[in-house]
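Comments concern the structure below.
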Amino acid sequence: MSSQTLPETFRLRAGNFNLLVLRLLDPRPETVLPALGDQFRRAPGFLRFAPIVIGLADLMAAPEEVDFRGLIEGLHALEIVPIGTTGGSPQMRQAATAAGLPPLRAVGGRDSETELPAGSAAPAPADAAPQAAPPPPAAPATPQFQGSGRSALLVSEPVRSGQRIYAEGADLIVTATVNPGAEVIADGHVHVYGALRGRAIAGARNDAEARIFALNFDPELIAIAGFYAVREGLGEAPIGRPTQVRLDGEEMRFGPLG
Amino acid sequence: MAQVIVVTSGKGGVGKTTTSAAIATGLALAGKKTVVIDFDVGLRNLDLIMGVERRVVFDIVNVIQGEARLNQALIRDKRVDGLAILPASQTRDKDALTKEGVAEIIEELGKDFDYILCDSPAGIEKGALLALYFADQAIVVTNPEVSSVRDSDRILGVLQSKSKRAEEKRDKVKEHLLVTRYDPNRVERGEMLKLEDVREILAIPLLGVIPENESVLRASNTGMPVILDTESVAGQAYKDAVGRFLGEELPHRFLEPDKKPGLLRRLFGGRAA
């Protein structure tokens, strides 16, 4: 690797955003959308093209009753851009994911929303620009990880270029390779029992204790709790060897496995 | 039930159409009724490679838009029995293809043919997505070169998520790797990826390796699928690939450099072709 310094073209940082949450109370787009349209007409410019999160926690319906695709289309027609979901059962989240709405997790693991009076002006999208989020509330009452230990997401197929796998609130174990152009992300540790040739992000919710393990360490980028290194910055790392990566303060440390 | 096979790669210029023509011809030679569909609307080439460009009257877009019946658009090959070509349109764009229209065509072809080959356009946009949507099997064409391997990897991910089989959560599309334009001499000089490297990244079963060979260009220019050139190494390699596709166990050939580089070549850095 040549250590030529090129002009920096980007920086990767964790960011927290304030987003509006649209809590669904009715699964039918045909009843939700007109009501929403009405409200938006009374407040012109309200949230034009603003990103919005769909809240599923209050929805009393089976996942197959919710027409997510219809909802997304209808929201786009109202110039609202749904970007993901929060809350709801795993089945519901899965149905939403299938329709292109991935689950988002509120900072601190609990929904912490502020009530918006109906019809009031919401923060303009400009206000929702990246900003330091308030410190996460004290440890949530319900533990995020049920059972004795952290759960893990197991992936046994190769993770291919363009694919992105996120183990939300869990470790990620990949028993195949992670190819160039692929991205594996976990809130906990990332284990790759094959070659890690793509990007690996551990401790995605700022867990500085999270580590990355790979049997053949050959990544494009690694990140732990928002600290990252691109391949060019990995001069010292044991490329091609069984390796674990941890964070020591703001430094990445590389050690052998086993 | 007819098997639908997509020939795809992500990257352009790696040999999809050459492969579609060769494999379709090989399947027909093996007694399987085979039709090959050109999905590259706007940049049609398959008719040229198959040598039927002077017989194109109607095309797939005409059929989808109800301007012609499927039978009017199908061109029966004159050299090989049981082989037919459904050409693409050169004058429309890929938006003229619809999922419903393609579904109807595939269903109707399925009544008469054993294999339906879909020659995909490059890229991962609409034309390519439609070409792979109905696939039961996929032949992923890859050159021993990093960008081609990465694009093939990407298309394998798309096959797993965007095909009809994936959407319906049925058994996944059966994947085959076909490495084309493989030049063992250049591999030995480190100018091309080794076969093992390609296989390691893509991690799917190897259907065949087609050596880089001037017979391919000659075949294209004369409109004769290269598999009909039984003297050429590329033609033989395609014939092996078809045999393996149909379940034969055949060793992979043409993987070794043809000869040790001579003294002159070593002295002058191996530039001579």
Side-chain angles (χ1 to χ4, degrees), chain A residues 1 63-64 67-70 72-73 90-91 93-102 153-166 172 174-185 192-200 214-221 231 239-242, chain B residues 6 8-12 14 99 120 122-125 128-129 132-133 135 138 140-177 193-194 196-206:
Chain A
M1 274 280 105
E64 58 272 14
D67 177 7
F68 282 108
R69 288 176 206 276
I72 294 171
E73 253 179 53
Q91 293 78 13
R93 288 199 295 266
Q94 203 179 7
T97 306
L101 289 176
L153 177 65
L154 180 70
V155 175
S156 49
E157 296 275 305
V159 187
R160 301 191 180 280
S161 178
Q163 289 181 330
R164 195 162 185 250
I165 293 182
Y166 175 32
L172 176 61
V174 182
T175 60
T177 63
V178 175
N179 280 344
E183 200 169 73
V184 289
I185 310 167
V192 181
Y193 298 110
L196 169 57
R197 299 204 175 91
R199 301 166 155 236
L215 271 194
N216 178 348
F217 184 72
D218 190 9
E220 293 176 326
L221 172 148
R231 181 54 180 263
I239 298 298
R241 312 192 63 83
Chain B
V6 61
T8 187
S9 69
K11 193 172 185 299
V14 298
K99 199 177 267 184
S120 173
I124 51 171
E125 268 70 54
L129 292 180
L132 66 79
Y133 185 72
V140 177
V141 182
T142 306
N143 290 166
E145 179 246 315
V146 280
S147 60
S148 175
V149 172
R150 182 181 288 198
D151 290 359
S152 292
D153 194 42
R154 181 84 168 90
I155 212 82
L156 283 165
V158 172
L159 274 165
Q160 286 164 18
S161 58
K162 300 260 173 79
S163 63
K164 188 158 185 268
R165 279 179 172 266
E167 280 185 4
E168 293 173 354
K169 305 217 180 322
R170 286 188 289 147
D171 290 347
K172 66 178 214 172
V173 176
K174 190 173 177 197
E175 299 150 338
H176 308 269
L177 172 62
L193 289 181
K194 288 203 284 282
E196 300 85 83
D197 297 342
V198 178
R199 294 187 68 176
E200 198 204 326
I201 291 201
L202 296 180
I204 60 171
L206 181 66

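So that the names make sense, note that chain A is the first sequence line, chain B the second, and so on, each numbered from 1. Computed from a prediction, not measured in an experiment: that's the story for all the values here.
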| task | Only counting residues at least two apart or in another chain, list the ones meeting side-chain contact (heavy atoms from CB on, under 4.5 Å) with A:P102. | result | none

| task | List in chain and number order the residues that pass side-chain contact (heavy atoms from CB on, under 4.5 Å) with A:A95, two or more places apart in sequence or in another chain; answer none if no residue qualifies. | result | A:P63, A:F68

May I have a table of the donor-acceptor pairs connecting chain A and chain B at distances under 3.5 Å?
from, atom 1, to, atom 2, distance (Å)
A:E157, OE1, B:K172, NZ, 3.0
A:R160, NH1, B:D153, OD1, 2.9
A:R160, NH1, B:L202, O, 3.0
A:R160, NH2, B:L202, O, 2.9
A:S161, N, B:D153, OD2, 2.6
A:N179, ND2, B:D153, OD1, 2.8
A:N179, ND2, B:D153, OD2, 3.1
A:N179, ND2, B:I201, O, 2.9
A:R197, NH2, B:E200, OE2, 2.9
A:E220, OE2, B:R150, NH2, 3.2

